[in-house]
Peer 1: 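Here's a structure for you.
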There are 2 protein chains.
Amino acid sequence: MNVGIRPALAPRKTIDDVAELAGVSIKTVSRVMNSEPGVRPETRLKVQQAIAELHYKPSLPARSLAGKRSNLIGLIYDNPSANYVFDVQNGAIARCREADLRLFIQSCNGLGESLIDEVLALVEQTHVDGLVIAPPLSADRVLIEALDARHVRFVRIAPGEGDHPSPAVTMDDREAAREMTAFLIGLGHRRIGFVTGHPDHLSSRQRSDGYADALREAGIDRDAQPIEQGYNDIATGSEAGLRMLDLAEPPTAIFASNDDMAAGVIRAAHERGVDVPSRLSVAGFDDSQIAGIVWPTLTTIHQPTADMANEAARLLIDLLKGKETAPVTELAYTLIKRGSTAPAP
Amino acid sequence: MNVGIRPALAPRKTIDDVAELAGVSIKTVSRVMNSEPGVRPETRLKVQQAIAELHYKPSLPARSLAGKRSNLIGLIYDNPSANYVFDVQNGAIARCREADLRLFIQSCNGLGESLIDEVLALVEQTHVDGLVIAPPLSADRVLIEALDARHVRFVRIAPGEGDHPSPAVTMDDREAAREMTAFLIGLGHRRIGFVTGHPDHLSSRQRSDGYADALREAGIDRDAQPIEQGYNDIATGSEAGLRMLDLAEPPTAIFASNDDMAAGVIRAAHERGVDVPSRLSVAGFDDSQIAGIVWPTLTTIHQPTADMANEAARLLIDLLKGKETAPVTELAYTLIKRGSTAPAP
DNA sequence: TTGTACGCGTTATCAA
DNA sequence: TTGATAACGCGTACAA
């Protein structure tokens, strides 16, 4: 096997082959392929039959080169977590399938200068028509401005508080966090700890604000509550949890700014022998896969990640078609009640 | 914003721009870009400076069209799990970066006829030079044969027992399962349950065989052990665990054929009030993210997923360069001891 | 309604 | 060692 002689791939079927078989010019085939008007129905049919018979697939590179568009859009992100990336990819992929576009997925390494170069190189080299930008890249001002300066079309997912006037798909993190906190208060909790998220993520502040909103509404003193800084991972969530549980007056509920940290809090409770949820309620945020894995399963905010990516792709596609689009589309969250929360002891 | 007038993207820098600036012909620029010999060092330098000055990036579509290769390779899979996909992608991406190639990632939906069409369309349309095929697609005979028939170059990841002579990157699942089982036996366990994996995955049988090997070596009767069928997810793992724990004579250790099912077993133990690991040891397989999330953390087999993908990409790249490559490359696994296993009670 | 001829940005051929 | 010119497969003016 693999003996020197490499058999050539079957020669590509081209538009000329189709034109010849159908007995028309390539331009007519082109029109049929692109669903353009101005082709007699019977001619169209003939061409379609020829296309089917030859299993003709137009060459993407040739199209990119000849036309104004490449039928390719890019998706860029910078490795938040496997689950998040997975959802984002699948959401965008689904939409591209429908629109008969290809999605070029690019995981961007490293920040700073090289990031900009990397993304611009992607745009230059692959001729993508536009970009869907997932967090945390969507919140990167320098990147966004660089793209804008070059008139690259893009739609952002959850860009945070961006004041940039480009289209984006968002979720109301603050309101969701407020609702979750109010839910805990409704369960009778009056001492509610909070684990803040990574300070570089804009959503962290929004969630923290929502937590404060709910306390204020209920007349609970925020400054009397235990608040610990986390960095969006299990380890820091666990440490934050331990610190709170070791307090002279530990909270009866802890709301963590994301699910990974909430999972850490649950682990901390295990370690301290504190039962969840009878002695401690724990709530998370994201509804990532881990929420259904930990025991007890996590009460959390379902963030419609895949839907957001899907919607972002839709917006981008519309934008490329020249349609007017709303600058910001907000998608709904859902509070998911699971086993980690219960009435205050 | 978005007012009708869509500003044009900055005009692309082309090879002609570079040639003009460097005062040479485009062919010379092309030679420099492709590191071809036959260019005087000083000429090469001049060209390189022009390239740098203009931030010139060659157009991938133009290259694909003109040349025999596209500098693009494809990665295809059919959504096993978020973590697996994530690792595979990152492994392949890293290698492509080094080789200065682009990776076109394609998640394939649906099986059967349409799958073949989908993959062939990918090859036809994008002009990818070759394919890295991840499981479970790598075990799909019909697909593999279809690709082979069209002389598409590919490398498979963990194809199972494939008798196909194409290059592949594998891991010794059977031996790993044997070693894990022997480890449990070494801890004093004599009654060891097994949760089998999805029957459609070839690795499931191999792991099951390894389990049987170890029992045989230790003179333990396999047929006396509780064995339950699972389907690689948490839910079925949990059900299998409950059935075993409810036995008149429950096992003191349970080895699940993947981590998700092992997590399910741990949950089942929680529900039955059986402490892990003092009364029940649990072992998994894969070392997926969940292994570090569950409590106690999971003793498991580390499957070098990212490395396998990286290696597969390397093999493919070599193959495309015409290098001879070993038909099968086997990568090492590692037994990771964590908190879920302990000496038999 | 249909077709002709040119151009997109590169690589490949062959001559200089 | 270098360069002119023809592909590559398609979209797009423009003509018929």
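Each chain gets a letter, A, B and so on, in the order its sequence line appears, and its residues count up from 1.
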Peer 1: In whole Å, what is the span from the CG atom of A:L54 to the C1' atom of D:dG9?
Peer 2: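 Value for this atom pair: 15 Å.
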Peer 1: Does a side-chain heavy-atom distance below 4.5 Å link B:Y77 with B:V88?
Peer 2: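 No, side chains not in contact.
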Peer 1: With side-chain contact (heavy atoms from CB on, under 4.5 Å) as the test, pick out the partner of B:F154 among B:L319, B:V132, B:V128, B:I144.
Peer 2: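 That would be B:I144; it is the only one of B:L319, B:V132, B:V128, B:I144 passing the side-chain contact (heavy atoms from CB on, under 4.5 Å) with B:F154.
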Peer 1: Taking C-beta and beyond as the side chain, do B:D16 and B:E20 meet within less than 4.5 Å on heavy atoms?
Peer 2: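 No, side chains not in contact.
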Peer 1: CZ of B:R31 versus P of C:dG9: gap in Å, rounded?
Peer 2: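 Interatomic distance, CZ of B:R31 to P of C:dG9: 21 Å.
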Peer 1: Could you give the NE2-to-P distance, from B:H127 to C:dT10, as a whole number of Å?
Peer 2: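 After rounding, the reported distance stands at 17 Å.
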Peer 1: Give B:P61 one of three labels, base, sugar-phosphate or nothing, depending on what nucleic acid heavy atoms sit under 4.0 Å from its own.
Peer 2: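 Here B:P61 touches no strand at all.
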Peer 1: Let me know the distance between CD of A:E36 and P of C:dG3, rounded to the nearest Å.
Peer 2: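 Taking CD of A:E36 and P of C:dG3, I get 14 Å after rounding.
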Peer 1: Contact between B:R97 and B:I93 at the side-chain level, heavy atoms closer than 4.5 Å - yes or no?
Peer 2: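 Of all side-chain heavy-atom pairs linking B:I93 with B:R97, at least one is under 4.5 Å.
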Peer 1: Using whole Å, report how far CZ of B:R63 lies from P of C:dT11.
Peer 2: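 Whole-Å distance recorded here is 5 Å.
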Peer 1: Rounded off to whole Å, could you give me the CG-to-P distance for the B:L65 and D:dA7 pair?
Peer 2: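 In whole Å, D:dA7 P and B:L65 CG are 14 Å from each other.
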Peer 1: Nearest to the side chain of A:T28, which nucleotide is it out of C:dG3, D:dG3, D:dG11?
Peer 2: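 Nearest to the side chain of A:T28 among the choices is C:dG3.
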Peer 1: Is any side-chain N or O of B:S30 closer than 4.0 Å to OP1 or OP2 of C:dT10?
Peer 2: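 No, B:S30 has no side-chain N/O under 4.0 Å of OP1/OP2 on C:dT10.
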Peer 1: Both B:P37 and A:A62 contact DNA chain D. Which one's nearest nucleotide lies toward the 5' end?
Peer 2: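 Result of the comparison: B:P37.
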Peer 1: May I have the distance from B:R69 (atom CZ) to C:dT10 (atom P), rounded to whole angstrom?
Peer 2: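 Checked: the CZ to P distance equals 16 Å.
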Peer 1: Report yes if a donor N or O on one partner sits less than 3.5 Å from an acceptor N or O on the other, where the partners are the side chain of B:K68 and the base of C:dA12; otherwise report no.
Peer 2: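 No, the side chain and the base share no sub-3.5 Å donor-acceptor pair.
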Peer 1: Could you work out which one of C:dT10, D:dG11, C:dT2 sits closest to the side chain of B:A66?
Peer 2: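 It is C:dT10.
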Peer 1: Does any part of the side chain of B:S70, heavy atoms only, come nearer than 4.5 Å to the side chain of B:T126, both counted from C-beta?
Peer 2: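 A side-chain contact is absent here, since even the closest heavy-atom pair is not under 4.5 Å.
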Peer 1: Report the distance from atom CG of B:N71 to atom P of C:dT10, rounded to the nearest whole Å.
Peer 2: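 Nearest whole value for this atom pair: 12 Å.
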Peer 1: Answer yes or no: does a side-chain N or O of B:S25 lie under 4.0 Å from OP1 or OP2 of D:dG3?
Peer 2: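 Indeed, a polar side-chain atom of B:S25 lies that close.
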Peer 1: Of all the choices, C:dT11, C:dC8, D:dT12, which nucleotide is nearest to the side chain of A:K27 once you look at every atom?
Peer 2: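 In terms of side-chain proximity for A:K27, the closest of C:dT11, C:dC8, D:dT12 is D:dT12.
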Peer 1: Across the strands shown, which category fits B:T43 at heavy-atom distances under 4.0 angstrom: base, sugar-phosphate, nothing?
Peer 2: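 Result for B:T43 = sugar-phosphate.
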Peer 1: Which is more 5' along DNA chain D, the nucleotide nearest A:P58 or the one nearest B:V24? Just name the residue.
Peer 2: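 Per heavy-atom nearest nucleotide, the more 5' residue is B:V24.
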